[in-house]
Trainee: 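To start, I am sharing the structure in question, which I have written as structure tokens.
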Amino acid sequence: MYKSKTCGELTAQDAGKTVTLAGWVHRRRDHGGLIFIDLRDRFGVTQIVFNPQTAPAAHRVGSDARNEYVLQATGVVAKRPAGQENPALATGEIEVYVTDAQILNAAKAPPFVINKNEDVDDSLRLTYRYLDLRRERMQQNLILRHKVIKFMRDWLDAHGFIEIETPILTKSTPEGARDYLVPSRVHPGEFYALPQSPQQFKQLLMVAGYERYFQIARCMRDEDLRADRQPEFTQLDLEMAFVEQEDVLNLVEALFTDLVHTLAPERTMQTPWPRMTYDQALARYGSDKPDLRFGMELTDVSDLAASSEFAVFKNALRAGGQVKGVRLPGCAEYSRRELDALVDLAKTKAAKGAVTIALKADGVHSSASKHMTPQEQQAYVERLGGQSGDLMIFVADSHAVVAAALGALRKEMGARLKLADPNALALGWVIDFPMFEWNAEEKRWDAAHHPFTSPKPEDMALLDTDPGAVRANSYDMVCNGYELASGSIRIHNRELQAKIFSLLNIDAERQRLRFGHMLEAFEFGAPPHGGMAPGIDRFVAILRNEDNIREVMAFPKNQWAQDLMMHAPSDVDADQLKLLHLEIAPPKP
RNA sequence: GGGGGCGUGGUGUAGUUGGCCUAACACGCGGCCCUGUCAAGGCCGAGAUCGCGGGUUCGAAACCCGUCGCUCCCGCCA
């Protein structure tokens, strides 16, 4: 070993001991005579002192050292002189008087500052990720990530779960996200797919009788990136047999509640977690992943609109839609330009427009004042509980568009007005998702969750008459405006599974080709089962108050799915392509 | 595929109603001085044709057009 102690463990108790430390030069303070170096390793920082009188050879080493040099130093632990302690440092009671030192490796000046948490251009950080990872922020993020995963493993183990690995090379299932494909050398023209999730494997493990499975599972989806979406990400994938929805929810809630209490006790969390149906979430917050850290709920004003002469409102109602509004406290003085920006935000969610009513000191000011009397405007204000100085914004459209538009406004304004308590973890459940979503482009029903989700027994009759009204035994875990997990009770009956496939426009032949193994497995004594899959990257990011899941991944991709450090993706040798029976088509002009 | 933001020494920023910019500040880097610092301090120094290309102008870091890169968002994400 190059070291007898780490840079994070020495205390006054160790005074007098001779120790050897090894690490990186975090900072160096050269007084001409004495040189102080803050030596850093993964465990902490320790001040080592070079004295030209008592150890001239070692002092020359300290003199040559520069930031990020790799250093080994042997010396005697000493309590610092009275008044020289550094309370900001865990090892601040002591220092090490170096008697012998050597440079294990020199270092160029790094392309960005490592010993300060200063913002640096993301692409530079990603190019030199191994340097970025030395910085305290990333180190803390990855250490917490480790603790979270360790906690999950231990907790699930203690609750009778076993961890089972499932294949990375598997079969493409074109429904859902785009697959990453891997060409087969042995089978010309055929491909493996990287898993979007271990969904089918974990269900088959239930058929196999393992009853309680989990996996820290890597999932890959070839879709465009966002701050909370990387092409590969990690889920705590779990599945249980002989359970109902309530059992899964209770178990996951207990796991995460214990986890937060243990690893983030300073964070506030409402227990038990609030639950709401999908319909309630959309009605109250305009989102199926509402940020529950603040109120600012949507208010239905359809009844007021019904008795008004305002054509935009009336027409929306006549078409079966609704009119709802949201109150933005203290925003009455927004400029025309700012109001337009809010309306534009609503329009990005397919709203045709939005009506604003500002309650200023001299009364109501509305963008629809030509179409509404002041009395009408006042009625809307009162319905929303508007106070002087508030801005109200209304959207009239279908239920879905109203929710999307006002939900986007609520999210944006919640952030802008800093309504969310940054210390809160607003964990909650959204249940009773619809079974199907109408895909207007393809003119067919798509599975809202995935095709293995079971419908609610009481809605079974609607499968034949009104698929859009069927609710699923599916549920999401939400936190601070993120979808942290999705899950469902699965289908375990062959006939029902085949019926759902058919409803999803997958004919018998494609069912046999793509899902024959699942249908067949259900004929061999498949138990009732269900589970879910919390996203670990998103959860750790929330715990660390990071806005981008890159910050909690060691080697993430940039927005265009490139690894700037490894330079992936990259072209490959012609020989490799030949072996894989591939030819590259010339790019389109 | 679309929209917004950003791009100035190694890093982070200032400068952007065109002229005082022969581009400023902090950190970093190099040298010298300095025995109790911990964001050490002091002195000196090197380092940027302002992402790239074109244009307008007597004059462009700044204005216009194009382009590239990064980033956030929409679409997309069973």
Side-chain angles (χ1 to χ4, degrees), chain A residues 26-39 45-54 59 66-68 78 80-89 91-92 95 97 108-128 131-132 172-179 195-197 199-200 219-231 233 341 344-345 347-350 404 408 411-412 415 435-437 439 441 444-453 472 474 483 486 488 500-501 504 506 514-515 535 547-548 550 558-560 562 564:
Chain A
H26 192 58
R27 280 197 188 89
R28 178 172 160 278
R29 293 175 293 280
D30 185 345
H31 287 239
L34 286 181
I35 296 172
F36 299 93
I37 284 180
D38 294 338
L39 195 68
V45 170
T46 298
Q47 173 166 286
I48 61 179
V49 188
F50 296 81
N51 189 319
Q53 245 87 66
T54 57
H59 182 264
R66 292 293 181 271
N67 281 351
E68 300 308 313
R80 292 192 185 192
Q84 300 289 338
E85 300 86 358
N86 184 351
L89 220 54
T91 60
E95 57 197 355
Y97 293 117
K108 293 204 292 186
F112 51 83
V113 187
I114 291 179
N115 58 25
K116 268 198 302 188
N117 285 321
E118 179 177 80
D119 274 343
V120 178
D121 180 70
D122 281 333
S123 56
L124 193 65
R125 293 176 59 201
L126 292 175
T127 302
Y128 295 97
L131 297 180
D132 190 35
S172 175
T173 52
E175 293 79 13
R178 269 186 292 273
D179 285 318
Q196 297 177 25
S197 86
Q199 182 61 35
Q200 296 183 46
C219 305
M220 291 71 140
R221 297 178 188 176
D222 186 5
E223 295 292 344
D224 288 341
L225 281 69
R226 291 285 187 281
D228 63 347
R229 278 164 30 190
Q230 281 274 314
F233 58 99
D344 285 345
L345 179 59
K347 285 179 178 170
T348 66
K349 297 293 185 177
K411 184 179 174 186
E412 163 66 21
M435 185 81 182
F436 303 105
E437 283 167 355
N439 183 332
E441 216 167 283
R444 62 155 197 248
W445 292 104
D446 280 348
H449 182 43
H450 59 53
F452 311 108
T453 301
S474 77
E483 176 196 314
S486 277
S488 63
I500 299 298
F501 282 148
L504 294 169
I506 303 170
R514 285 190 199 147
F515 302 115
D547 290 332
N548 195 306
R550 276 200 301 257
N558 72 358
Q559 180 136 46
W560 302 107
Q562 297 161 304
L564 296 177

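Naming: A, B, ... by sequence-line order, numbering from 1 per chain.
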Trainee: Checking only heavy atoms, does the side chain of A/D121 share a donor-acceptor pair with the base of B/G12 at less than 3.5 Å?
Mentor: no

Trainee: Mind checking who B/C63 pairs with, Watson-Crick or G-U wobble, both distances under 3.5 Å?
Mentor: B/G55

Trainee: Checking base pairs now: Watson-Crick or wobble, both atom distances under 3.5 Å. What partners B/A39?
Mentor: none

Trainee: Looking across every strand, which nucleic acid part, if any, lies under 4.0 Å from A/R27 by heavy atom: base, sugar-phosphate, or nothing?
Mentor: sugar-phosphate

Trainee: So do the side chains of A/W445 and A/M435 get within less than 4.5 Å of each other, counting heavy atoms only?
Mentor: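 No; the side chains remain at least 4.5 Å from each other.
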
Trainee: Would you classify A/Q230 as touching base, sugar-phosphate or nothing, given that sugar-phosphate means primed atoms plus P, OP1 and OP2, and contacts are heavy atoms under 4.0 Å?
Mentor: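 Answer is nothing: A/Q230 stays at 4.0 Å or more from every strand.
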
Trainee: Does any donor atom in the side chain of A/R29 or A/Q47 lie under 3.5 Å from an acceptor atom in the other side chain?
Mentor: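 Yes, side-chain donor-acceptor contact under 3.5 Å.
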
Trainee: I want to verify a distance call: between B/A78, B/C76, B/C38, whose nearest atom is closest to the A/A447 side chain?
Mentor: B/A78

Trainee: CD of A/Q47 versus C1' of B/A39: gap in Å, rounded?
Mentor: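 So the two atoms are 14 Å apart, to the nearest Å.
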
Trainee: Does the side-chain ring of A/H31 sit on the six-membered ring of the B/A40 base, less than 5.5 Å centre to centre and under 30° in tilt?
Mentor: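 Stacking between A/H31 and B/A40: present.
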
Trainee: What does A/R550 touch in the nucleic acid at a heavy-atom separation under 4.0 angstrom: a base, only the sugar-phosphate, or nothing?
Mentor: sugar-phosphate

Trainee: Are the charged groups of A/R28 and A/D38 less than 4.0 angstrom apart, N to O?
Mentor: no

Trainee: Within a radius of less than 6.0 Å around CG of A/D547, do more than 12 heavy atoms belonging to other residues, nucleotides or ligands occur?
Mentor: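 Open.
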
Trainee: Does the ring of A/F112 lie flat against the base of B/U11, closer than 5.5 Å centre to centre with planes under 30°?
Mentor: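 No, A/F112 does not stack on the base of B/U11, since the centre distance and plane angle fail the 5.5 Å and 30° test.
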
Trainee: Can you tell me how far P of B/G12 sits from CG of A/L124, to the nearest Å?
Mentor: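 Interatomic distance, CG of A/L124 to P of B/G12: 7 Å.
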
Trainee: Looking only at heavy atoms, what is the nearest atom pair of A/I35 and A/H59, with distance?
Mentor: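 A/I35 and A/H59 have their closest heavy atoms at CD1-NE2, 3.4 Å.
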
Trainee: Rounded to the Å, how far apart are A/R80 CZ and B/U37 C1'?
Mentor: 9 Å

Trainee: Categorize A/N548 for me: base, sugar-phosphate, or nothing, with a 4.0 angstrom heavy-atom threshold over every strand shown.
Mentor: sugar-phosphate

Trainee: Whether A/R178 and A/E223 form a salt bridge (side-chain N of Lys/Arg under 4.0 Å from carboxylate O of Asp/Glu) is what I want to check.
Mentor: yes

Trainee: Rounded to the Å, how far apart are A/D122 CG and B/C72 P?
Mentor: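 Rounded to whole Å, this separation is 7 Å.
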
Trainee: With sugar-phosphate meaning primed atoms plus P, OP1 and OP2, does A/N86 contact a base, only sugar-phosphate, or nothing at under 4.0 Å between heavy atoms?
Mentor: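 The answer is base, as A/N86 lies within the cut-off (heavy atoms under 4.0 Å) of a base atom.
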
Trainee: What protein N or O atoms touch nucleotides 41-51 of chain B N or O atoms at under 3.5 angstrom, if any, and at what distances?
Mentor:
none

Trainee: Would you kindly check whether a donor in the side chain of A/R221 faces an acceptor in the base of B/C76, or vice versa, at under 3.5 angstrom?
Mentor: no

Trainee: If you look at every strand shown and take non-hydrogen atoms under 4.0 Å, does A/R66 touch a base, only sugar-phosphate, or nothing?
Mentor: sugar-phosphate

Trainee: With both distances under 3.5 angstrom, what nucleotide forms a Watson-Crick or G-U wobble pair with B/A46?
Mentor: none

Trainee: In whole Å, what is the span from the CG atom of A/D119 to the P atom of B/G5?
Mentor: 20 Å

Trainee: Can you classify the ring geometry of A/F452 versus A/F515 as parallel (below 30°), tilted (30 to 60°) or perpendicular (above 60°)?
Mentor: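 Rings of A/F452 and A/F515: perpendicular, as their planes differ by over 60°.
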
Trainee: Considering every strand shown, what is the Watson-Crick or G-U wobble mate of B/G28 when both distances are under 3.5 Å?
Mentor: none

Trainee: Mind checking if A/V113 touches a base, just sugar-phosphate, or nothing, with heavy atoms under 4.0 Å?
Mentor: nothing

Trainee: From C-beta outward on A/W560, which listed nucleotide comes closest to its side chain: B/U71, B/A78, B/C76?
Mentor: B/U71

Trainee: Rounded to whole angstroms, how far apart are OH on A/Y128 and C1' on B/G28?
Mentor: 15 Å

Trainee: Now, which nucleotide makes the Watson-Crick or G-U wobble pair with B/G7, with each of the two distances under 3.5 Å?
Mentor: B/C68

Trainee: Is A/P111 touching bases, backbone alone, or none of the nucleic acid, heavy atoms closer than 4.0 Å?
Mentor: sugar-phosphate

Trainee: If you measure from CZ on A/R550 to CG on A/D228, what distance do you get to the nearest 0.5 Å?
Mentor: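 Answer rounded to 0.5 Å: 11.5 Å.
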
Trainee: Is it the case that the base of B/A78 and the side chain of A/S197 share a donor-acceptor contact (distance under 3.5 Å, atom types as modelled)?
Mentor: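 In this structure, the two groups form a donor-acceptor pair.
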
Trainee: Is there a donor and acceptor pair, one atom on the side chain of A/N558 and one on the base of B/C70, closer than 3.5 Å?
Mentor: no

Trainee: Where do A/N115 and A/R27 come nearest, in terms of heavy atoms and distance?
Mentor: O-NH2, 2.7 Å

Trainee: Is there, by distance only and without an angle test, a donor paired with an acceptor across the side chain of A/R229 and the base of B/C76 below 3.5 Å?
Mentor: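 Under the 3.5 Å cut-off, the side chain and the base do form a donor-acceptor pair.
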
Trainee: Name the nucleic acid region contacted by A/N67, choosing base, sugar-phosphate or nothing; use a 4.0 angstrom heavy-atom cut-off, strictly under.
Mentor: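 If one applies the 4.0 Å heavy-atom cut-off, A/N67 turns out to touch the sugar-phosphate alone, with no base involved.
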
